[in-house]
Protein chains: 2
Amino acid sequence: MTTTKKITISDVAKHANISKSTVSQYLNERYEYMGAQTKQRIHESIIELGYSPNYLARSLKQKKTFTIGIIVANILHGFSTKVIRAIEDACNEENIHTIVCNTDEDPEKEQKYMEMLQAKQVDGFIVFPAGENAKVYQRMLEQKIPLVFIDRIMPDLKIDTVLMDNERASELAVENFAKHGHEKLAIATPELKPYMTPRLERLSGFKKALQTNNLPVKEDYLISENLDSLQERLQHMFAMEDPPTAILANNDLTLVEMLEFFKKSDIRLPDDISIIGIDDVPFANVYHPGITTIEQPAFKIGKKAAELLFDQINDTASEPEVYRFAPKLFERESVKTLYE
Amino acid sequence: MTTTKKITISDVAKHANISKSTVSQYLNERYEYMGAQTKQRIHESIIELGYSPNYLARSLKQKKTFTIGIIVANILHGFSTKVIRAIEDACNEENIHTIVCNTDEDPEKEQKYMEMLQAKQVDGFIVFPAGENAKVYQRMLEQKIPLVFIDRIMPDLKIDTVLMDNERASELAVENFAKHGHEKLAIATPELKPYMTPRLERLSGFKKALQTNNLPVKEDYLISENLDSLQERLQHMFAMEDPPTAILANNDLTLVEMLEFFKKSDIRLPDDISIIGIDDVPFANVYHPGITTIEQPAFKIGKKAAELLFDQINDTASEPEVYRFAPKLFERESVKTLYE
DNA sequence: CTGTTAGCGCATTCAA
DNA sequence: TTGAATGCGCTAACAG
């Protein structure tokens, strides 16, 4: 066995009796002007010494780390996980690694992460922006650091952004409810904040679709509430004289909260209430009844974001744009047909 | 605005009219022998120039990157995601970043990732081993590269390993079934492979617990089958003359598959069959009936793994050991009381 | 208290 | 076709 000492490129050069630069060429597969036996000798020396290159040194020289940063609110959220997986798959093909950081929606944490990753010289960022950090993004733009946003639009920034067509998602839900004869439609979303594009758009899309379908927009049916007080709010709504017959859950967490409420309150699906959830959930199929869901094209979104970032990194990018991907409705049994 | 050129430490030094090394000391907070106004001047120069340090160069010199690698089969699996999150939280406190790679259980991919991350000089690895790469791990051991395993035990390797007490998990399930009067207990697990510690131990723990509780071990009730043919296999079992009254799902995926089968076959929970699932699932509460589950202490596992790795990195580690964490049973409504 | 010097491991001119 | 020299940006002795 070789000693514990780190083998460098000059050790290999010495061993093969040639110069460092030739070895370097070999490593970078520039075989063009290299003698066949030189090549052979280098190859042998490398395995004999158990040499493995130090990419750090290489990156320092080349100013490229083949590493990107992904900044996300919380890796535990299903949508984020899927998007990240898609990004990693795309990166894998380009031999790029990803460093992912959880901000928990904390702008300061986000900023700290971005700065540290910049210090580590990552080649670019894909971020689910926490909002409120516009100046940081702005500076990155000026420094021409490759950057792609996912899921949330920062209106004043010219940055590639990819997300689902959220308005279309609510529209799909409304259309499906309407098709089954529902007219009293409700929606429940977590607390709205200005930069939370998906929630905002899903709500506005819901209202628009109501109008398009000549359905009444009833303010009492529009719930936006923190998850921990959502059940209470639902309780009020279903205690009303004229409760809705159908409700859209704005995301997976909302859906689970709603289901818990219905279970506790003995409100039966789909007889007492029809339901559609935005976001895929693993139990949609096996629930009683199967839950009609609208899936986000998470993999497409992740893939596209990666591609856009690669374009920026390789300097082949076009003007920044917002890319929207279509949602898809999976009809199951949670919407009752009213035959009205 | 400053030009697009990269500001380095010598620019700062020049600007502040002192030497690079003093600036370097400032950056590393070695203020001890530094004049107050020197400090002040450096500080001003830094913000004036908009300097941000290049950690790559620093890492090259210090032989430490403050980055670790996490090798996992698939980030989409709930358990992995939670463990990773816990690791990242622990890393965050030490200002360490994580690069995570998905192997999809492919040993070659795993090896490639580990080699590339070594080339990037990561300070250590936390891996969910895919098995079959014993020689790679062995080499890492010899090179004294900090390494911690999660979830799977490689018996011939002296490496810190942290996982749930899997046998105890099955035991908890058996005890709960027994408490409710069940005697005909089945288990379903995905295909067994030699290095898949959790599945193996959960099965062996199940059998042991059966004996401890003086319950019969019936081979027909022990299903180990790929997910895509599991339903078929269940069909056979429930078509038997004397089917089980209770069944343990070895993990979350198995549980979902089972629930789908029961739904399709109109086998009612918990009247026709009682069920417990190992692994937390987001719908355990809201399902009808609520599913009794046994949760893996994913956060504890991740945290411990990170701590062990830090110890190795800081050279404060003790002998490699296997650490097991207790599972926890959450009783809900999916186990019927038989009063036999 | 601060500056000088010498690398870390590699890639890249430019000569030979 | 190969080798010598230079520097990426930073840290770490060691002087002064």
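Chain identifiers are assigned alphabetically (A, B, ...) following the order of the sequence lines, protein sequences preceding nucleic acid strands; residue numbering begins at 1 within each chain.
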**Student:** Write down the distance between NZ (A:K63) and P (D:dC10), rounded to a whole number of angstrom.
**Tutor:** 10 Å
**Student:** Looking at A:E307 and A:K303, is any side-chain nitrogen of the basic one under 4.0 Å from a carboxylate oxygen of the acidic one?
**Tutor:**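 A:E307 and A:K303: salt-bridged.
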**Student:** Contact class for B:K20 (heavy atom, under 4.0 Å): base, sugar-phosphate, or nothing?
**Tutor:** base
**Student:** Can you check the B:F66 CZ to D:dC10 P distance for me, whole Å?
**Tutor:**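 B:F66 atom CZ is separated from D:dC10 atom P by 16 Å.
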**Student:** Would you classify A:I18 as touching base, sugar-phosphate or nothing, given that sugar-phosphate means primed atoms plus P, OP1 and OP2, and contacts are heavy atoms under 4.0 Å?
**Tutor:** sugar-phosphate
**Student:** Judged by each residue's nearest nucleotide on DNA chain C, which is more toward the 5′ side, B:T38 or A:I9?
**Tutor:** B:T38
**Student:** Which sits closer to the 5' end of DNA chain C, A:K61 or B:G35, going by the nucleotide each is nearest to?
**Tutor:**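 Its nearest nucleotide lies further toward 5', so the answer is B:G35.
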**Student:** Less than 4.0 angstrom from a charged side-chain N to a carboxylate O is my criterion; do A:R85 and B:D104 meet it?
**Tutor:**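 Yes, this pair counts.
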**Student:** For A:F325, does the six-membered ring have the charged nitrogen or CZ of A:K300 within the cation-pi criterion, i.e. under 6.0 angstrom from the centroid and within 45° of the normal?
**Tutor:** no
**Student:** Could you give the CZ-to-C1' distance, from A:R41 to D:dG3, as a whole number of Å?
**Tutor:**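 Going from CZ in A:R41 over to C1' in D:dG3 covers 13 Å.
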**Student:** Ring-plane angle category for A:Y31 and A:Y26, please: parallel below 30°, perpendicular beyond 60°, tilted otherwise.
**Tutor:**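 Tilted: the ring planes of A:Y31 and A:Y26 meet at 30° to 60°.
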**Student:** Under 30°, 30 to 60°, or over 60°: which ring-plane class applies to A:H97 and B:Y113, parallel, tilted or perpendicular?
**Tutor:**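 Rings of A:H97 and B:Y113: tilted, 30 to 60°.
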**Student:** Give B:Y51 one of three labels, base, sugar-phosphate or nothing, depending on what nucleic acid heavy atoms sit under 4.0 Å from its own.
**Tutor:** sugar-phosphate
**Student:** I want to check one thing: is the phosphate of D:dT11, taken as OP1 and OP2, less than 4.0 Å away from some side-chain N or O of B:S24?
**Tutor:** yes
**Student:** Let me know, please, whether B:Y55 or A:T22 comes out on the 5' side of the other along DNA chain D by nearest nucleotide.
**Tutor:**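 Checking each residue's closest nucleotide, the 5'-ward one belongs to A:T22.
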**Student:** For the pair made of CD in A:Q25 and P in D:dA4, what is the distance, rounded to whole Å?
**Tutor:**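 These atoms are roughly 14 Å apart.
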**Student:** At 10 degrees resolution, what angle do the end axes of the helix from C:dC1-D:dG16 to C:dA16-D:dT1 form when each is taken over five base pairs?
**Tutor:**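 Here the local axes at opposite ends form an angle of 40°.
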**Student:** If I take atom OH in residue A:Y26 and atom P in nucleotide D:dT2, what distance separates them, rounded to the nearest angstrom?
**Tutor:**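 Rounded to whole Å, this separation is 13 Å.
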**Student:** Quick check for you: among D:dT11, D:dA4, D:dA12, whose closest atom lies nearest to any side-chain atom of B:S21?
**Tutor:**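 Between D:dT11, D:dA4, D:dA12, the one nearest the side chain of B:S21 would be D:dA12.
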**Student:** CD of A:E108: more than 12 outside heavy atoms within 6.0 angstrom?
**Tutor:**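 No, the 6.0 Å shell around CD holds no more than 12 heavy atoms from other groups.
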**Student:** Using whole Å, report how far CD1 of A:I42 lies from C1' of D:dT2.
**Tutor:**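 These atoms are roughly 10 Å apart.
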**Student:** What integer distance in Å separates B:K14:NZ from D:dG9:P?
**Tutor:**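 Going from B:K14 (NZ) to D:dG9 (P), I get 11 Å.
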**Student:** Hey, where on DNA chain C does chain B first and last touch, going 5' to 3'? Cut-off is any atom under 4.0 Å from a heavy atom.
**Tutor:** C:dC1 to C:dG9
**Student:** Are there over 12 heavy-atom neighbours, none belonging to B:E94, within less than 6.0 Å of that residue's CD?
**Tutor:**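 Yes, enclosed.
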**Student:** Nearest whole Å is fine: how far is D:dT2 C1' from A:Q40 CD?
**Tutor:**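 Answer to the nearest Å: 18 Å.
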**Student:** Checking B:K64 against B:F66: charged group under 6.0 Å from the ring centre and within 45 degrees of the axis?
**Tutor:** yes
**Student:** Testing A:L117, A:I70, A:V127, A:I75 for side chain to side chain contact (heavy atoms under 4.5 Å, CB included) with A:C101, which one passes?
**Tutor:** A:L117
**Student:** Quick one, A:V12 with A:L49, criterion side-chain contact (heavy atoms from CB on, under 4.5 Å). Give me CA distance, side-chain angles, the key distance, then yes/no.
**Tutor:** CA-CA 7 Å; A:V12 177; A:L49 296 175; 4.2 Å; yes
